[in-house]
Q: 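Take a look at this one; I'll ask things after.
Read the numbers this way: they start at 1 and go in the same order the structure lists the ligands and their atoms.
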Amino acid sequence: MKNIVIIGGGAGGIAAAISAAKTDKNAHITILEGLDRVGKKILATGNGHCNLSNEYISEKCYHSKNYHIMREYIEKMPSSMSIEFFEDMGLFSSSDDAGRIYPYCRQASMVLDILLLALERYKIDVRCGQKVSDINYRKNAFFIKTQTGDEFRADKVILATGGKASPKQGSDGSGYALAEKFGHKSTYLFPSLVPIQCKGSVFKGLKGIRVLCRADLFIDGKKAGSETGELQLTDYGVSGIPAMQLSCLLEKNASKGNAQIGIDFFPDRNYDEVRRIIADRIKMYPKETLENIFLGLINKRVLFAMLKSLSIEPLSRTADSLGKKEIDLLVSTLKMWKFEITGTLSWDFAQVTGGGIKLDEIDENFESVYRKGLYIIGEILDVTGDCGGYNLHWAWCSGIVAGKSAAE
Ligand SMILES: Cc1cc2nc3c(=O)[nH]c(=O)nc-3n(C[C@H](O)[C@H](O)[C@H](O)COP(=O)(O)OP(=O)(O)OC[C@H]3O[C@@H](n4cnc5c(N)ncnc54)[C@H](O)[C@@H]3O)c2cc1C
């Protein structure tokens, strides 16, 4: 009987176990999970709703140092692969206007319940509280040691430990050292899908404000990315989906003073249109104060902070006291208010890991090119998806492919 051991009982590890069990009904499949339960992170996904995949799966929604290999994987992973995997277990799903796929009942706990039921049905041996500390290969088998002192023998091993993001959910980065034992190397690792810290006291008074805008990322003065959506202003910088998405592009650039984020408060109007709006107001109400003249345009607190930062003060000034230079400055800042990026929040606040084990060290079935029988899947690899269900889709699908191959 074939012994398959999966290290890590997260999204990828569970999918791999189910896929292996479907492929070989006689295989003995064990999941070794460091925490006291499997799938803990799944419960936190999508704000408790679990955005499990996306109708639009494209390599454009993923980042990797090895774009070419990543694209080859993604091309073989249509959204139907995730949907069918779950439908097969009885989970109904539906998508929102942006194509984000959720369980029909919008409960992450239901996704985990369905997965746990499948693990039970396929008689998968789930061992919790078994954090793997070492792994060796001798006499055609793997020997896996856990922190409890137990040792497990395996013909095939699937490494599904996740990366370093959100370590309180078990993914503390210990998987990289296990892979390194077989010669695997990682690209530079950084917190990704994570809030961005910015320089400047302006943010202190803006905590909690959400603005619909376009956010641009500049690296060394050049535009590196752009996201439109609801940006959340915080006392340290920016959060929300646009900021999280842009954080994927920061890599080593954060905290070096060469990255900036720019906010366009009127993404659907060009400079001239915004200037006309401002000029018309001033013409119509010349004796109105700066405090009132721009009401109704953008968030009041944001506007006042902007005027202050531009030294267009005091707010009791009348509109007709604004000079041409001041109006030009205000309009260009409304169209692009730039802030220096000083870094990102830590791993604790990151949804995923940027970078990972190099893709040219595994084959199309996720099997190590250095050690036959060892598979590496999920977030530990150098593939990072955007917000929108792309990371779970990657975890399930890489697990499905590796589980099948390991069992064949
Ligand atoms: C708050 C939050 C919300 C998210 N929301 C979404 C979302 O809605 N949609 C989406 O697509 N993605 C989302 N993500 C990202 C997504 O959850 C992960 O990319 C995905 O879970 C990665 O799956 P994985 O199996 O590779 O790793 P993980 O899910 O991290 O699982 C790894 C497992 O391995 C275990 N482990 C680690 N080391 C060892 C060891 N040495 N021995 C034994 N066990 C070990 C861990 O305890 C863990 O259970 C979110 C992430 C977070 C943190």
Q: For ligand 1, which is the ligand I care about here, please tell me if N51 has any N or O atom under 3.5 Å from one of the ligand's N or O atoms.
A: yes

Q: Taking the ring of Y137 and the ring of F142, is the distance between their centroids below 6.0 Å?
A: yes

Q: Scan side-chain atoms only and decide if R106 and S94 contain a donor-acceptor pair under the 3.5 Å cut-off.
A: yes

Q: Does at least one non-hydrogen atom of K40 fall below 4.0 angstrom from an atom of ligand 1?
A: no

Q: Quick test: of every protein heavy atom, which one is nearest to atom 24 (P) of ligand 1, and how far off is it to 0.1 Å?
A: G12 N, 4.0 Å

Q: Does an N or O anywhere in G163 fall below 3.5 Å from an N or O of ligand 1?
A: no

Q: With respect to A11, determine whether any N or O atom, backbone or side chain, lies less than 3.5 Å from an N or O atom of ligand 1.
A: yes

Q: Checking contacts here: is it the side chain or the backbone of S53 that comes within 4.0 Å of ligand 1, counting heavy atoms only? Could be both or neither.
A: neither

Q: Of E379, H393, H49, which has the heavy atom at the shortest distance from atom 26 (O) of ligand 1?
A: E379

Q: Without hydrogens or angle criteria, can the side chains of D382 and H63 be said to hold a donor-acceptor pair below 3.5 Å?
A: no

Q: So how far is it from Y375 OH to D363 CG, rounded to the nearest 0.5 Å?
A: 7.0 Å

Q: Short N/O distance, under 3.5 Å, between G175 and ligand 1?
A: no

Q: Just by distance, no angles: are the side chains of S82 and H393 close enough, under 3.5 Å, to form a donor-acceptor pair?
A: yes

Q: For ligand 1, does K41 get within less than 4.0 Å through its side chain, its backbone, both, or neither, judged by non-hydrogen atoms?
A: side chain

Q: Taking a cutoff of less than 4.0 Å between a non-hydrogen atom of the residue and any ligand atom, is A165 in contact with ligand 1?
A: no

Q: Do any nitrogen or oxygen atoms of I377 lie less than 3.5 angstrom from nitrogen or oxygen atoms of ligand 1?
A: no

Q: Between the side chains of N3 and D155, is a donor N or O closer than 3.5 angstrom to an acceptor N or O?
A: no

Q: Can a donor-acceptor pair be found between the side chains of N136 and K181 at a distance below 3.5 Å?
A: yes

